[in-house]
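Notes to accompany the following structure.
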Amino acid sequence: MLVSGLLALALGITALSLPVPYVVESPGPTFNTLGEDKGKPVISVTGHEAFPAKGNLDLTTVYVDGGPNGPVSVFEAFSGWLDGNKAVYPEELIFPKGVTKEQSQQEGAVAMETSQENAVAAALRELNIGFGQKMEVASLPEGSASKGLLQGGDILVSINDKPITALGVVQAELAAGNGTPVTVVVDRGGSMVSATITPAKTSAGRFVLGVILQYKFTFPFEVKISLDKVGGPSAGMMFALGIVDTVTPGDLTGGKHIAGTGTITPDGAVGPIGGIAQKMLGARSGGATLFLAPAANCDDVLGHIPDGLQVVKVETLDGARKAVELAASGADTSGLPVCTSN
């Protein structure tokens, strides 16, 4: 019986240590976009006057265990389910099947770099500072409607004689055409090339050219963002707010401790992110009293707001800036937009 008991105990311990296909998310550290990271300013500006700012505009992060970052055990997954500060998800909901740690890190780094460029563009647009913006064909996926007509490196110039100044111009023209062929003019190595393309219809009912696009910017001054070992696109909005504060006189925050999260487009639209419950916990632990959350994340915000944290829903950089300015003024912030259940 003693031997049987020891064997059962050993088997139980072994079972608890076995890897399972789950991912555990927990609150990560916060970084003040107005401060420093490892002795260097998170945001530095060259070629334009910069103004030291007080207060905090914290970006928030999440620790992710499991998937390509290394397997979690049955015990770790079960502990995560019991811990109200953590979230446990099936691995396939967070990472593509078969992705390696190196691939995941590379994708995160690219997403971070893109978010930083978008943040600079959004901040300059918010401040009415002009800059150059073009849309370039990055690649054509398999089965693209533009195969043989467009190619990587093409700069989009116009669609049906309408200048392409942003992705929205292309989307609007394709929607208006309802699948009819469109004439697209591109700059290919300095030569103007015209192509007639019949858009493809997606499963969601949208018409697309079937190309992966990327923005190419020419900024009037340099903005450098230095942040180590943080990847992904979710800091875009907070970077943009930090840039706005850095290149304008005074303190946007009025010395207040504000945190937030959300992707950003060059046009200033704020988009959803993952792990917002853990990010709100991390923000409150870091000292924030006001949190800016993407409106698209409201379903995940409700029921997870920590005590002492006011959460304001935002859809645009302009809306986020106005919320911060109101808080900085010391005025009543109870009237700011909040997440509500439908």
Side-chain angles (χ1 to χ4, degrees), residues 25-44 51-64 85 108 111-112 115-116 118-120 122-123 126 223-248 250-264 270-294 297 300-301 304-314 317 319-328 333 336 339:
E25 293 184 348
S26 55
T30 60
F31 298 88
N32 183 11
T33 61
L34 304 177
E36 295 185 345
D37 178 47
K38 296 186 176 180
K40 296 181 180 180
V42 174
I43 296 173
S44 57
F51 303 89
K54 299 178 182 178
N56 284 65
L57 286 170
D58 290 353
L59 65 87
T60 50
T61 66
V62 171
Y63 286 124
V64 180
N85 291 340
M112 170 62 88
S115 77
Q116 292 173 0
N118 287 353
V120 177
E126 176 69 15
V223 178
K224 183 177 180 181
I225 297 177
S226 301
L227 196 59
D228 191 34
K229 295 182 179 179
V230 177
S234 65
M237 178 185 69
M238 298 311 294
F239 282 142
L241 286 171
I243 294 165
V244 168
D245 202 356
T246 299
V247 301
T248 54
D251 293 319
L252 184 65
T253 67
K256 299 291 195 306
H257 198 141
I258 298 168
T261 186
T263 63
I264 197 77
V270 176
I273 50 80
I276 196 164
Q278 286 66 48
K279 289 179 178 179
M280 290 189 295
L281 287 167
R284 187 68 189 103
S285 296
T289 54
L290 184 73
F291 188 90
L292 306 172
N297 279 117
D300 298 317
V301 167
H304 297 99
I305 301 175
D307 292 338
L309 188 69
Q310 180 185 0
V311 177
V312 177
K313 73 172 182 178
V314 295
L317 176 60
R321 180 187 181 187
K322 288 176 179 175
V324 172
E325 289 175 335
L326 184 65
T333 58
L336 289 172
C339 294

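Residues: numbered from 1 along the sequence shown. Because the structure is a prediction, the values reported are computed rather than measured.
Of the possible donor and acceptor atoms, none in the side chain of D251 sits under 3.5 Å from a partner among the backbone N and O of D245. Side chain of S234 to backbone of T261: no donor-acceptor contact under 3.5 angstrom is found. Put simply, the side chain of S115 gets close to the backbone of M112: a donor and an acceptor are under 3.5 Å apart. Panel note: side chain D37, backbone L227; no donor-acceptor pair is recorded below 3.5 Å.
With K279 as the fixed residue, the side-chain contact (heavy atoms from CB on, under 4.5 Å) test singles out one of T61, N297, T60, T30: T60. The residue from T289, I305, L290 that alone fulfils the side-chain contact (heavy atoms from CB on, under 4.5 Å) condition with Q310 is L290. For the side-chain contact (heavy atoms from CB on, under 4.5 Å) with L34, the lone residue among T253, N56, I43 that qualifies is T253.
Rounding to the nearest 0.5 Å places CD of E325 at 5.5 Å from CG of L252. Q116 contributes atom CD, which lies 8.5 Å from atom CD1 of I243 (distance to the nearest 0.5 angstrom). Separation of atoms CG (L241) and CG (L292) is listed at 6.5 Å; rounding is to 0.5 Å. For the atom pair NZ (K322) and CG (L336), the distance works out to 11.5 Å, reported to the nearest 0.5 Å. Between the OG1 atom of T33 and the CG atom of L57 there is a distance of 4.5 Å, given to the nearest 0.5 Å.
Side-chain contact between I264 and F239: absent, with no pair of heavy atoms (C-beta onward) separated by less than 4.5 Å. In this structure, the side chains of F291 and V301 stay at 4.5 Å or more apart for every pair of heavy atoms. T263 is not listed as a side-chain neighbour of N118, based on a closest heavy-atom distance of 4.5 Å or more.
Heavy-atom contacts from other residues, nucleotides or ligands closer than 6.0 Å to NE2 of H257 number more than 12.
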